[in-house]
Amino acid sequence: MADYHFVYKDVEGASTQWDDIQRKLGNLPAKPPAFKPAPFTPAEDEASLPKDKSWINEKTEQDLEDLEDNPDLDDDRFLEDYRKKRLAELREAAKVARFGSVVPISGSDFVREVSQAPADVWVVVVLYKEGIAECGVLMQCLEDLATKYPATKFVKIISTDCIPNYPDRNVPTVLVYNNGAVKANYVGLQSFGRRCTPEGVALVLCQSDPVLNDGQSGNDRSRKAVIDGVRKRFIEKVVTEHENDDDGSSIQIAFQHQTKKKQKTKYKLLTFLSARIKSKNKFKKV
């Protein structure tokens with residue numbers, strides 16, 4: 001018959017008198033605290049929460065649509081109107097922020113992402129190749145524009161994936177699409193001026209059509225309005241940089257003025273001491 005070994009275990013936290021004596025003598029570690037479960041707090045009932053503006057603000061677009069036939073809002077005209085207003089704001093924000101970056105695509109994605117884009121969306125396509133410096137310069141400008149104009153779609157595709165055997169000397173190439181058709185094309189970095197900047201690229205893109213859309217212009221999407229907006233951003237940037245330069249130059253001028261003043265004072269002191277020494281030597285000779 002097998003020899004079984006039985007282990008008897010008391011309830012958790014229990015201790016023997018011997019163990020208590022050993023703990024007092026320091027032969028055993030301190031007794032761990034007894035397990036105490038956290039107090040139970042029942043979850044708040046959704047129906048018991050106060051229904052106000054903050055309650056509406058916490059809802060998602062889908063939640064607000066589901067509340068359309070909610071009987072609790074039928075008796076509160078203010079909340080119903082606010083629900084509609086908040087729903088319109090969420091839909092407008094979703095429409096504006098649909099893009100916001102330069103998205104990489106493949107050749108198989110081109111028709112879906114570019115040719116079949118909605119008619120009210122302008123698409124800027126850049127054909128590039130990794131390792132070509134000019135492509136990196138233009139890509140930085142387009143990333144900046146994609147952030148500032150999130151309602152315009154920016155995509156990038158490797159040149160040979162878009163057009164087989166496309167020569168590297170022509171990259172970067174920018175194609176502008178709208179309503180499934182090519183509206184403009186720009187071959188090479190030189191198309192955007194001697195010094196490629198986000199503002200310069202924006203002005204070139206909007207030469208003939210209102211390509212860039214920040215989502216804040218409403219229905220005024222004319223070419224003139226877009227170019228005016230681009231120029232305003234450019235002027236603000238130049239003014240900011242000029243102010244920063246002025247701050248730095250004024251500090252430098254003040255430092256130079258202070259240095260010259262110290263040098264002039266030092267020169268006067270040396271001249272005075274030299275004159276005193278000469279007069280003393282003359283007095284000793286007499």
Side-chain angles (χ1 to χ4, degrees), residues 61 88 90-130 132 134-193 196 198-231 233:
E61 181 179 348
L90 290 177
R91 287 173 175 172
E92 187 64 25
K95 181 179 179 181
V96 171
R98 70 173 85 177
F99 308 118
S101 63
V102 181
V103 180
I105 63 172
S106 62
S108 59
D109 301 329
F110 194 90
V111 173
R112 183 183 70 254
E113 297 291 340
V114 179
S115 302
Q116 296 179 354
D120 61 336
V121 174
W122 287 85
V123 185
V124 177
V125 185
V126 55
L127 278 60
Y128 74 104
K129 265 292 184 65
E130 294 288 352
I132 298 180
E134 289 82 355
C135 294
V137 172
L138 181 60
M139 202 67 70
Q140 290 181 356
C141 296
L142 294 179
E143 287 284 0
D144 185 78
L145 293 179
T147 304
K148 293 178 180 177
Y149 301 95
T152 296
K153 188 174 186 178
F154 288 82
V155 298
K156 62 180 180 180
I157 182 173
I158 297 175
S159 57
T160 50
D161 287 352
C162 182
I163 304 175
N165 301 320
Y166 193 73
D168 289 350
R169 66 176 180 273
N170 290 344
V171 296
T173 296
V174 174
L175 307 175
V176 179
Y177 274 77
N178 180 248
N179 202 15
V182 179
K183 299 296 183 180
N185 63 85
Y186 307 95
V187 179
L189 191 65
Q190 68 277 3
S191 302
F192 302 99
C196 186
E199 294 75 23
V201 174
L203 289 173
V204 172
L205 291 177
C206 298
Q207 280 181 350
S208 57
D209 295 293
V211 176
L212 300 179
N213 184 2
D214 58 3
Q216 307 296 328
S217 304
N219 295 326
D220 189 6
R221 296 293 307 133
S222 65
R223 170 180 170 274
K224 183 179 182 302
V226 174
I227 289 182
D228 288 344
V230 172
R231 286 174 176 167
R233 290 177 183 268

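None of the values given here were measured: they were computed from a predicted structure.
Judged as a side-chain hydrogen bond (donor to acceptor under 3.5 Å, both in side chains), and not counting sequence neighbours, the contacts of D168 are K129. Every residue meeting the side chain to side chain contact (heavy atoms under 4.5 Å, CB included) condition with C135, not counting sequence neighbours, appears here in chain and number order: Y128, I132, V171, P172. Here Y177 pairs with F110 under the ring-ring contact (aromatic ring centres under 6.0 Å, His included) rule; sequence neighbours left out. N170 pairs by the side chain to side chain contact (heavy atoms under 4.5 Å, CB included) definition with Y166, P167, T173, V187, not counting sequence neighbours. Shown here are the side chain to side chain contact (heavy atoms under 4.5 Å, CB included) partners of Q140, two or more places apart in sequence or in another chain: there are none. With sequence neighbours excluded, the residues forming a side-chain hydrogen bond (donor to acceptor under 3.5 Å, both in side chains) with D109 are S106, R112, listed by chain and number. Every residue two or more places apart in sequence or in another chain that forms a side chain to side chain contact (heavy atoms under 4.5 Å, CB included) with A184 is listed here: V176, Y186.
Contact of the V121 side chain with the T152 side chain is not registered, since no non-hydrogen atoms from C-beta on lie closer than 4.5 Å. Within the 4.5 Å cutoff, the side chain of L175 has no heavy atoms near those of the V123 side chain. A heavy-atom distance below 4.5 Å is not found between the side chains of V155 and V102. Looking only at side-chain heavy atoms (C-beta outward), V174 and L127 stay at 4.5 Å or farther from each other. Looking at C196 and V201, their side chains come closer than 4.5 Å, going by heavy atoms from C-beta outward. At least one side-chain heavy atom of V211 sits less than 4.5 Å from a side-chain heavy atom of W122.
Listed by first and then second residue, the salt bridge (charged side-chain N to carboxylate O under 4.0 Å, His left out) pairs that reach into residues 171-180 come to none, sequence neighbours excluded. Residue pairs meeting the salt bridge (charged side-chain N to carboxylate O under 4.0 Å, His left out) criterion with at least one partner in residues 153-163, sequence neighbours excluded, are E113-K153.
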Taking it one step at a time, do T147 and F154 satisfy side-chain contact (heavy atoms from CB on, under 4.5 Å)? CA-CA 10 Å; T147 304; F154 288 82; over 6 Å; no
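For the atom pair L142 CG and S101 OG, the distance stands at 12.0 Å (nearest 0.5 Å).
Distance alone, capped at 3.5 Å, is enough to place a donor-acceptor pair between the N178 side chain and the A119 backbone.
Between I157 and C162, the shortest heavy-atom distance links the atoms CD1-CB, 3.7 Å.
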